[in-house]
J.: 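The structure under discussion is supplied below as C-alpha cells; questions concerning it will follow.
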Amino acid sequence: MSLKITLVYVLRKITEASLALVIGLAASAFLMAIYGYDPGKALYWLFYGGFGTRTVFLDSLAYATPLMLTGAAFAVCASAGLFNIGTEGQAYMGAVGAVIFGGLLPRLAPSLGFASMPLALLGSATLGMLWALGPALLKVLRGVHEVISSIMFNWTAFYTVMYLVRGPITNPARPEMSLPVEPQARFPVLFRGSILTGAIYVAVIASITAYLILKLTKFGFEMRIAGANPDAARYGGVNIPRTILLTYLLSGSLAGLGGGLIVTGRPPVWSIYGTLGNITNVGFDGIGVSLIAMNNPAAVVVSSILIGGLWNGSRFMEPYAGVCSELSRAVIGLIVIALSIPEALRFVRRTFKRWGV
Amino acid sequence: MRRLIRASLAITAFVTILLLLAFAGLSPGSLLEASLLAMTPLALAAVGESLNEKGGVSNIGIDGIFLVTATVAVFGAEEFGNGYAGVVVGVITGALLGFIHGLLSTYARANQIVAGIGLNIFAYGFVPYFLMAAWGFPGIRVPPKEVLIPLRIISFANISFRVSEFSVLAIALAVSLHFLLYRTPLGLRIRACGESPEAVDVAGVGVYRLRVILSTIGGALAGLGGGFMSLAWFGGVVKEISAGRGFIALACVVASGLEPILSLGFAFIFGFSEALAYAIAVTPGIKEVVPYHLVLSIPYIVTLAIVSIFIGKRRFPRALGQPYIKD
C-alpha cells in the first residue's frame, strides 16, 4: 500500500515536472517564431546537441556535474523553507578556493603537490561555506530576507573574484585567466573524446549524501520540519536559528564544491577565465535544476542532466539554427515560472472545468 | 517633530560627507548629479514595489523586469524614432510582466518567490536572445543619439546642474503614493488587502483583482525605471544592464518597511554609494590605490549594511507573500 502511494506520488511529481517542461519549451518556441526563427529546427538541434549522440551526451553529463551540486545546494535549503539564491556567489568562491588550494598552494609548497586534489575539493567547499555564512547570519541575527542578502553577496563575490583572477591569482603566462590547478588536482577524463571527468562521481556522491542527511538524520528531520511548519518545530524543541545556520553552511559547501569542480573537473582550461565566463550562471541554473527535481537532492542527479543537456545543446542551436544560445536560459526561466504553481495540474483541470471542457 | 529632527540630522550628515569628499578631490556637484541619476530607477521600482507589497504581493522579479524593459525600450525608441515612445514601450512591457506575476500570485496561487526567481532567470536568457534577434549583435546595443533622452540643464548663477525629468517624477510619485496609501479610502483598502484579505473580501472588494492591478502598477513603474536606465542614463543597453539593481530596489523597500517616501530616501543613499564607487574608480590619485573591481562592489556592501541596520524595526503586512485562498 505504502509503495503504491509512493509510486503515485512520484508519478504525479514527474507529470508536473514534464508539464512545466512542455510549457517552457512551448513558450520558447513561441518566442522563436515571433522573431522569424524556425522553432522546430532550433529545438531539434537543442535536443540533438544535448542528447543525440554518445559523445554529446557524455559532454552533457560533464556540464551537468556542477549543476548537480548547485541544484542539491538549493534543494537542501528549500527543504528547510529557505531560498538560497546565493549559490551563484558561493560557486564563484568555490572556484577560487579550488584555484588557491589546488593551484597556488601546491605551487608555493611543492611538497603538498600529492594532496592537491583533496586540498582543492576541501578548499572549494570551505570557501563556499564561508560565503554562505554571511546571508545565514544576517537572516538569523537581523531577519534580513535571504533572497536580498544573497544577491548582494553574489555581486560582491563577482567583483572580488574578478579582482583576484586579474590580480593576485592571475596566470603570469596567460593573463586572461587565473592560475591553473596542478595536474594532480585534475580529474581524469573518463571517455576519450569527451570532456566528462571523474568529477561527476564526486557530484553524485555529494548529492546522494545530502539526500541521506535530509531523510535519515535528526538534523535533516529538524531541517524539514522547520521548513514545513516553523511553529510546530519551535514547539517541538527545534533550535531554529541553529538549524537555519547549519542548513545554509551545508548548502554553501555544496555550491562551493560545484564551483570548484568546474575548475578541477572540466578540460581544457583548469582555471577561471578573467571574464568569469566559465563559472557564471552555474548557481542560477542550479535553481532550475532543483525546482524541476521538486527540491529533492537525489532527483537533482537526474534533472541536472536535463539542464546540462540544454546547456550543451544550446551550443549547437546557435550555429545550426541561428538562435542565440542564451535562449536556453530563458527556457529554464519559463520552466521555473511554470513550476512556481504547485498545483499546476489541478489549476489546469479547474480552468478547463470552468470553461466547460 | 521627531521625524523632522531625524530628517535634518540625516541631511546634515550627508552634507558633511559631501564636504569631506570635496576635500578628497571629488566634485560634490557631479557626485550629486550622478547620485540622482542612480537613485531614479531604484526609486521608481521601489515605490511601485512598496505599493504592491502593501497589497500583499511581493515581486522578486524586479531585476528581470529592469533588464527586459531596458532592452525593449531601446527597441521601441528606435522603431518610433523617439526616446519617450521607447520609455512608454518599456512601461507597457513592465506592466505586462507585473500583470502576469499578479495573475500567477493570485488566481494561480503560485509561490511568489519562485515565480519571481523564474522571471529573473528568464530575463537573463531573454535579453541576450532579444539583442541578437533584433540587432544581430551579441550583448550590447547603442542606439543612435537622436532617440536618446537628454538630461535637462538647470543653471543658476554660474552653477549648472544636469538632471533628468524622471528623477523629479520619481520624487513626485513617492510623495503622491504616500498620500494615496495613508490619506485615501483606496489606500486603506490596499493596506487592508495586505493585512487581512479576508476582511477586504467580506467588504465586497475583490482581493485578487486589486492585487493584480497593484502588481501591474508595480511592474509598470519598474518598467519606467528600466526605460530610464537604457535611454536617459546609460544611453544604450548591455545584457547585464540591471547589475542587481532590482534587488537593491527590493532592499530599499524592506529597509523602509514599505514606506514610499522612506524608500525614496534609501534609493538616494544607494544611488549615492554607486556614484561614489564610480567616482573613486575614475578619480586620479585615488584610483591607483584601491583596486577597481573591489570598489565596484561598494554599493552591494552598503546595501547589506543598511538593510541589516534598519530592518530590525520594521513590521510587514501579515498576508505578504501568502496566496489568498477563498473558502
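If you're wondering where the values come from, they're calculated on a predicted model, not measured in any experiment. Sequence lines set the chain letters: A, B, ... in the order given, protein chains first and strands last, and positions in each chain run from 1.
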J.: Check whether B:I100 gets within reach of chain A through its side chain, its backbone, both or neither, counting any heavy atom under 4.5 Å.
T.: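 For B:I100, neither part sits under 4.5 Å from chain A.
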J.: Between A:L67 and A:W311, is a side chain to side chain contact (heavy atoms under 4.5 Å, CB included) present by the stated rule, with each step listed?
T.: CA-CA 10 Å; A:L67 290 172; A:W311 273 30; 3.9 Å; yes
J.: For chain A, find which of B:F122, B:Y292, B:F247, B:Y129 contributes the most heavy-atom pairs closer than 4.5 angstrom.
T.: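 Of B:F122, B:Y292, B:F247, B:Y129, B:Y129 has the most heavy-atom pairs under 4.5 Å with chain A.
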J.: Which bit of A:I335 is near chain B, if near means a heavy-atom gap under 4.5 Å: side chain, backbone, both or neither?
T.: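 Neither part, no heavy atoms under 4.5 Å.
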J.: Could you look at A:L291 and say if it's the side chain, the backbone, both or neither that has a heavy atom under 4.5 Å from chain B?
T.: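 For A:L291, the side chain is the part near chain B, not the backbone.
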J.: For a 4.5 angstrom cut-off between non-hydrogen side-chain atoms, does B:F137 reach B:L131?
T.: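 SC-SC contact between B:F137 and B:L131 ruled out.
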J.: Can you tell me which portion of B:I60 sits under 4.5 Å from chain A's heavy atoms? Options are side chain, backbone, both or neither.
T.: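 Contact with chain A involves the side chain of B:I60 alone.
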J.: Under 4.5 Å, counting heavy-atom pairs only, tell me which of A:Y163, A:W155, A:Y37 racks up the most with chain B.
T.: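 Ranked by contacts with chain B, first place is A:W155.
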J.: Quiz question: by atom type and distance under 3.5 Å, do the side chains of B:E274 and B:Y278 form a donor-acceptor pair?
T.: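 Per modelled atom types, B:E274 and B:Y278 side chains form no pair under 3.5 Å.
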J.: What verdict does the side chain to side chain contact (heavy atoms under 4.5 Å, CB included) test give for A:L130 and A:Q90, after you've listed the backbone C-alpha separation in whole Å, the side-chain angles of each residue and the deciding distance to 0.1 Å?
T.: CA-CA 8 Å; A:L130 284 179; A:Q90 290 144 20; over 6 Å; no
J.: Assess the residue pair A:K139 and A:V144 against the criterion (side chain to side chain contact (heavy atoms under 4.5 Å, CB included)); give the C-alpha distance rounded to whole Å, side-chain angles, the decisive distance to 0.1 Å, and a yes or no.
T.: CA-CA 5 Å; A:K139 168 105 186 166; A:V144 179; 6.0 Å; no
J.: Please flag which part of B:L296 lies under 4.5 Å from any non-hydrogen atom of chain A: side chain, backbone, both or neither.
T.: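 Both parts, backbone and side chain.
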J.: By a 4.5 Å heavy-atom criterion (distance strictly below it), what part of A:D285 contacts chain B: side chain, backbone, both, or neither?
T.: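 Interface part for A:D285: side chain.
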J.: Residue by residue, which of residues 238-245 of chain B have a heavy atom closer than 4.5 Å to a heavy atom belonging to chain A?
T.: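 Within residues 238-245 of chain B, the residues that come under 4.5 Å of chain A (heavy atoms only) are B:K239, B:A243, B:G244.
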J.: Among the options B:L250, B:I298, B:L294, pick out the one with the most heavy-atom pairs lying under 4.5 Å from chain A.
T.: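 The candidate making the most pairs under 4.5 Å is B:L294.
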J.: Who wins among A:F83, A:F284, A:F153 for the most heavy-atom pairs under 4.5 Å with chain B?
T.: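 Heavy-atom pairs under 4.5 Å are most numerous for A:F83.
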J.: If you take all heavy atoms of A:S251 and A:F74, which pair is closest and at what distance?
T.: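 Minimum heavy-atom separation between A:S251 and A:F74: OG-N, 4.3 Å.
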J.: Looking at B:I65, is its backbone amide N or carbonyl O close enough to the side chain of B:T69 to form a donor-acceptor pair, meaning the two atoms are under 3.5 Å apart?
T.: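 Confirmed, B:T69 side chain pairs with B:I65 backbone.
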J.: So which part of A:F158 gets closer than 4.5 Å to some heavy atom of chain B, the side chain, the backbone, both or neither?
T.: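 Neither the backbone nor the side chain of A:F158 comes within 4.5 Å of chain B.
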J.: Counting heavy-atom pairs under 4.5 Å to chain B, which of A:I34, A:V147, A:L164 comes out on top?
T.: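 Highest number of pairs under 4.5 Å: A:V147.
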J.: Using a 3.5 Å distance criterion without hydrogens, assess whether the side chain of B:R141 forms a donor-acceptor pair with backbone atoms of B:G236.
T.: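 Side chain of B:R141 to backbone of B:G236, a donor-acceptor pair under 3.5 Å: no, none is there.
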J.: Looking only at heavy atoms, which two atoms of A:A42 and A:V323 are closest? And how far apart?
T.: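 Heavy atoms only, the tightest pair is CB-CG2, 3.8 Å.
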J.: Using distance alone, with no hydrogens and no angle criterion, decide if B:N52 and B:S215 have a side-chain donor and acceptor under 3.5 Å apart.
T.: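 Side chains of B:N52 and B:S215: no pair found under 3.5 Å.
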J.: Are the side chains of A:M177 and A:T170 in touch, meaning some heavy atoms are under 4.5 Å apart?
T.: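 Of all side-chain heavy-atom pairs linking A:T170 with A:M177, none is under 4.5 Å.
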J.: Taking atom CZ of B:F234 as the centre, report whether more than 12 heavy atoms of other residues, nucleotides or ligands fall under 6.0 Å from it.
T.: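 Yes, enclosed.
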